[in-house]
Protein chains: 2
Amino acid sequence: MSPEANFLIDHAYTTSRINKKVDASLSYHGISFTEFLIMHHLFNSPLQTMRRIELAECVGITASGVTRLLAPMEKIRIVEKESNPRDARQSLVKLTQAGEQLYKDALVSFEHCSKDVLANLSVKQIDNMANLFGKI
Amino acid sequence: MSPEANFLIDHAYTTSRINKKVDASLSYHGISFTEFLIMHHLFNSPLQTMRRIELAECVGITASGVTRLLAPMEKIRIVEKESNPRDARQSLVKLTQAGEQLYKDALVSFEHCSKDVLANLSVKQIDNMANLFGKI
DNA sequence: GACGAAAGCTTGACTACTCAAATATTTATG
DNA sequence: CATAAATATTTGAGTAGTCAAGCTTTCGTC
């Protein structure tokens, strides 16, 4: 078996362990990793608003996945809809004040979890991996 | 945001893209990545049989996930049940002849896909990443 | 400036899981 | 050796998505 194939198999295993740790860490705030990613991209987008299709691309799910994910988040007022006067097809998404605070709180846990997950690697090694991953 | 947190976020994105490519490549054989992983671990286990709980650990899902995943695979005779005379609780899983052939065929696609996914990386870089991933 | 094609989003039906509880069997202990 | 605890698996109910089809709005072209 080639090193490429072996890597993908090992990678799948490691990824599943990482995701479990991250989900466990964020569950304290009542959110999943995917919901955290949504909030992360909203928070860091220039106008704090994004189209649903952009969010889908960013977090690696489909547009309908975004619709279903956002529905409960709107209900508890973490995010809200905003319409684009220039294009009535679009339904822009925005973090509410509460959503912004929740993101900041969750980020603290996420930072802790990240450092825990990657505790055996130096910053140089992480940068190196990040660089290699960027090529994929 | 720390390099660790940034890495996990980028990693999630890249992983989703990798999984999509792998699933697309294996769909030609009518199987998912998870099913491929099951067959892979069965094929490479010393006696070609494993307990469901071992499979669950290997592929990073729960025992009940394994039950549900294997049900259709048994139905189309890719895998079969075998009982352990020493322990009646166990229900061992084994690749059938057809399952073994399917695995070998799927492996060819998986190898192609792996090389394609990692085309921009040298073998040395892949080994390096595999090594770093092993520390996680 | 009408109209077919494309973009953005949602919905219905489905898949691939998860978790908690139930069942069956084995192991350990008093 | 009886019985409590632990192990292996399955099942019921729920969650997190997917895909294909549909609706509405915009764009491109003639």
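Each chain gets a letter, A, B and so on, in the order its sequence line appears, and its residues count up from 1.
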[X] [atom1] - [N] [atom2] separation (whole Å):
X: Lys20(B); N: dT18(D); atom1: NZ; atom2: C1'; value: 10 Å
X: Asp23(B); N: dT15(C); atom1: CG; atom2: C1'; value: 12 Å
X: Glu54(A); N: dC9(C); atom1: CD; atom2: P; value: 8 Å
X: Arg86(A); N: dC27(D); atom1: CZ; atom2: P; value: 10 Å
X: Glu82(A); N: dG8(C); atom1: CD; atom2: P; value: 18 Å
X: Met73(A); N: dT15(D); atom1: CE; atom2: P; value: 16 Å
X: Asn19(A); N: dA16(D); atom1: CG; atom2: P; value: 14 Å
X: Glu57(A); N: dA7(C); atom1: CD; atom2: P; value: 15 Å

Salt-bridge test for Glu4(B) and Lys115(A): reply yes if a basic N is under 4.0 Å from a carboxylate O, no otherwise.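 Looking at Glu4(B) and Lys115(A), the cut-off is met.
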
Verify salt bridge (charged side-chain N to carboxylate O under 4.0 Å, His left out) between Glu74(A) and Arg52(A), making sure each step is shown before the conclusion. CA-CA 13 Å; Glu74(A) 284 167 16; Arg52(A) 284 153 137 77; 2.9 Å; yes

Can a side chain N or O of Arg52(B) be found less than 4.0 Å away from OP1 or OP2 on dA8(D)?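 No, no such contact exists.
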
Given dG17(D), dC17(C), dT26(C), which nucleotide is nearest the side-chain atoms of Leu69(B)?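 Ranking dG17(D), dC17(C), dT26(C) by closest atom to the Leu69(B) side chain puts dC17(C) first.
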
What's [X] touching, base or sugar-phosphate or nothing? Going by heavy atoms closer than 4.0 Å.
X: Thr67(B); answer: base
X: Lys81(A); answer: sugar-phosphate
X: Ser64(B); answer: base

CG-CG distance between Leu132(B) and Asn128(B), expressed to the nearest 0.5 angstrom: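 The CG atom of Leu132(B) sits 5.0 Å away from the CG atom of Asn128(B).
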
Given that Ala63(A) and Pro72(B) both sit by DNA chain C, which one's nearest nucleotide is further toward the 5' end?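 Its nearest nucleotide lies further toward 5', so the answer is Ala63(A).
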
Centroid separation under 6.0 Å, is that true for the rings of Phe43(A) and Phe36(A)?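 Not close enough - the centres of the two rings lie 6.0 Å or further apart.
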
Can we call the ring centroids of Tyr13(B) and His41(A) under 6.0 Å apart?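 For Tyr13(B) and His41(A), the ring centres are not under 6.0 Å apart.
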
Do [X] and [N] share a donor-acceptor pair, side chain to base, under 3.5 Å?
X: Arg89(B); N: dT9(D); result: no
X: Arg68(B); N: dT15(C); result: no
X: Thr34(B); N: dC17(C); result: no
X: Thr62(B); N: dC17(C); result: no

